[in-house]
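Data block below; observations after.
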Amino acid sequence: MLDLTSTLPVIDLSALNHPSQRSLTLDQIQSACKELGFFQVVNHGIPLSIMNDALAAATEFFNLSLEEKMPLLSDNVHNPVRYGTSLNHASDKVHYWRDFIKHYSHPISDWIHLWPSNPPSYKDKMGNYAEAVQVLQKQLMEVILETLGLNFGNLHNEIGEGNQLMAINCYPACPEPDLTLGMPPHSDYGTLTILHQSGPGLQLQDNNKNWLSVPFIEGAFIVQLGDQIEVMSNGRYKSVVHQVTLSAENKRLSIASLHSLPLNKKIGPAPELVDEQHPASYNEFSFRDFLDYISSNNIEDRRFIDSIKKSA
Ligand code: OGA
Ligand code: NI
């Protein structure tokens, strides 16, 4: 069988600083965004020690007794900090093999006091990581908008002041890995998700609905386009559908930093990308609209983005 996974794009971000390599790198990013809504990045400027420290803090957090994590337990998707299991424990028809902690993270001074105070190093290590990833997010948004021919200047403030939700996931080893998933197929709601993982398990769907396993590259970040980019690009770029598979032997941790424009900011197709040949294909939505949708709908029945597509 053809090994499609070995062709998944890996982008060397340092090449953007070399005038002779910049335009080729922009082309690589553009193709990855068009074809998959996914790529990995290396030479991104974030030290491995910051990445490893954040995973270590997450490991310690999940190792705490259930009693210590219980005070953060919540099914309310509007809570800025919450611990949970599965996808949405209250409404899932099947239970997924996952524990998670989610917290708002930007600007950090607004939220950090709400984060777990155990392990004692959590705030420091996860805080350093969150701030570093927020900087990377701005750089990536700038180049992705450039590849769409959009003016970053217009969006600069909103991208800088946008929402950063960190979803820190723990997928314990599973005795029957073929019978369930860590997370069911979904796309992320925001602009970009920047993901750091401790090992393999993530899969994404290509245009032909094949599931491709994402190769594990130490020190790389996974970048996934979310629904806000698909809408902004008027469908030129696609948000990537992904899922998490399990292993019988290994526990897996991941830290997904989900970025979006500010909570109440409505996003529609960019006017520059709408014309007679390309009529606006989506209604506007905000991150808050997405949260309201998932409070009362099961995304396994219908993806959120399908609810805002204009019927032709
Ligand atoms: C998510 C997600 C993937 C992973 O948190 O939205 O898709 O590998 N996580 O944990
Ligand atoms: Ni996701």
Side-chain angles (χ1 to χ4, degrees), residues 5 8 36-41 51 54-55 57-59 61-62 75 77 79-89 92 95-105 126 129-130 133 137 163-174 177 180-206 211-230 237-247 250-260 287 290-291 293-294 298-300 303-306:
T5 60
L8 288 178
L36 292 166
F38 164 97
F39 53 94
Q40 300 203 61
V41 290
M51 300 174 73
L55 273 185
T59 304
F61 172 78
F62 288 113
D75 279 336
V77 300
N79 276 6
V81 179
R82 63 190 189 100
Y83 170 71
T85 62
S86 192
L87 184 65
N88 182 346
H89 193 98
D92 287 347
H95 198 76
Y96 296 100
W97 202 260
R98 169 175 89 133
D99 277 4
F100 64 82
I101 169 118
K102 293 188 179 183
H103 44 66
Y104 285 5
S105 306
M126 204 55 83
Y129 178 84
V133 171
Q137 181 266 150
N163 189 284
Q164 179 185 23
L165 173 65
M166 313 240 321
I168 299 133
N169 303 299
C170 176
Y171 307 96
C174 176
T180 184
L181 288 168
M183 267 186 114
H186 68 282
S187 58
D188 298 341
Y189 57 85
T191 48
L192 298 183
T193 298
I194 299 179
L195 187 126
H196 172 34
Q197 57 178 350
S198 69
L202 182 66
Q203 294 189 330
L204 59 93
Q205 214 172 39
D206 69 9
W211 284 110
L212 310 182
S213 295
V214 174
F216 174 69
I217 305 174
E218 164 120 69
F221 283 107
I222 289 164
V223 179
Q224 304 189 128
L225 302 195
D227 294 345
Q228 288 188 344
I229 292 275
E230 177 167 335
Y237 290 175
K238 290 286 186 289
S239 59
V240 61
V241 174
H242 51 283
Q243 66 179 13
V244 178
T245 59
L246 299 163
S247 149
N250 299 313
K251 172 170 86 174
R252 173 172 177 268
L253 268 83
S254 71
I255 306 177
S257 182
L258 293 107
H259 299 269
S260 68
F287 177 29
F290 169 82
L291 291 173
Y293 180 88
I294 59 169
N298 190 319
I299 54 151
E300 291 172 80
R303 284 176 69 196
F304 169 74
I305 195 154
D306 291 332

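As the structure lists them, so they are numbered: ligands from 1, and atoms in each ligand from 1.
Checking side-chain atoms of Q164 against main-chain N and O of A130 turns up a donor-acceptor pair under 3.5 Å.
The protein heavy atom nearest to atom 1 (C) of ligand 1 is M183 SD, 3.6 Å. In terms of protein heavy atoms, atom 5 (O) of ligand 1 is closest to N169 ND2, 3.4 Å.
Looking at Q224 against ligand 1, nothing comes within 4.0 Å, counting heavy atoms. Within the 4.0 Å heavy-atom criterion, the part of Y171 lying near ligand 1 is the side chain and not the backbone. Only the side chain of L195 comes within 4.0 Å of ligand 1, judged by heavy-atom distances.
For Q197, the heavy-atom gap to ligand 1 stays at 4.0 angstrom or more.
Shown here for M183 and Y171, the closest heavy-atom pair between the two residues is SD-OH, 3.7 Å. The two residues F216 and Q197 come nearest to each other via the heavy atoms CE1-O, 3.3 Å.
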Going through the distances and angles, do T191 and Q228 end up as a side chain to side chain donor-acceptor pair (under 3.5 Å)? CA-CA 5 Å; T191 48; Q228 288 188 344; 4.7 Å; no

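The Ni ion (ligand 2) forms the vertex of an angle spanning NE2 of H186 and NE2 of H242; to the nearest 10 degrees it equals 90°.
The name of the N, O or S atom in D188 nearest to the Ni ion (ligand 2) is OD1.
The atoms of ligand 1 that sit less than 4.0 Å from any heavy atom of R252 are 4 (C), 8 (O), 10 (O). Contact atoms of ligand 1 toward V244: 3 (C), 4 (C), 8 (O), 10 (O) (distance under 4.0 Å to a heavy atom of the residue). Atoms of ligand 1 lying under 4.0 Å from any heavy atom of S254, numbered from 1 in the order shown and given with element: 4 (C), 8 (O), 10 (O).
Here E230 contributes atom CD and S239 contributes atom OG; the two are 4.5 Å apart, rounded to the nearest 0.5 Å. For the atom pair L165 CG and Y104 OH, the distance stands at 6.5 Å (nearest 0.5 Å).
Centroid-to-centroid, the aromatic rings of Y189 and F287 come within less than 6.0 Å.
With a 4.5 Å cut-off on side-chain heavy atoms, I222 and I194 do not count as touching.
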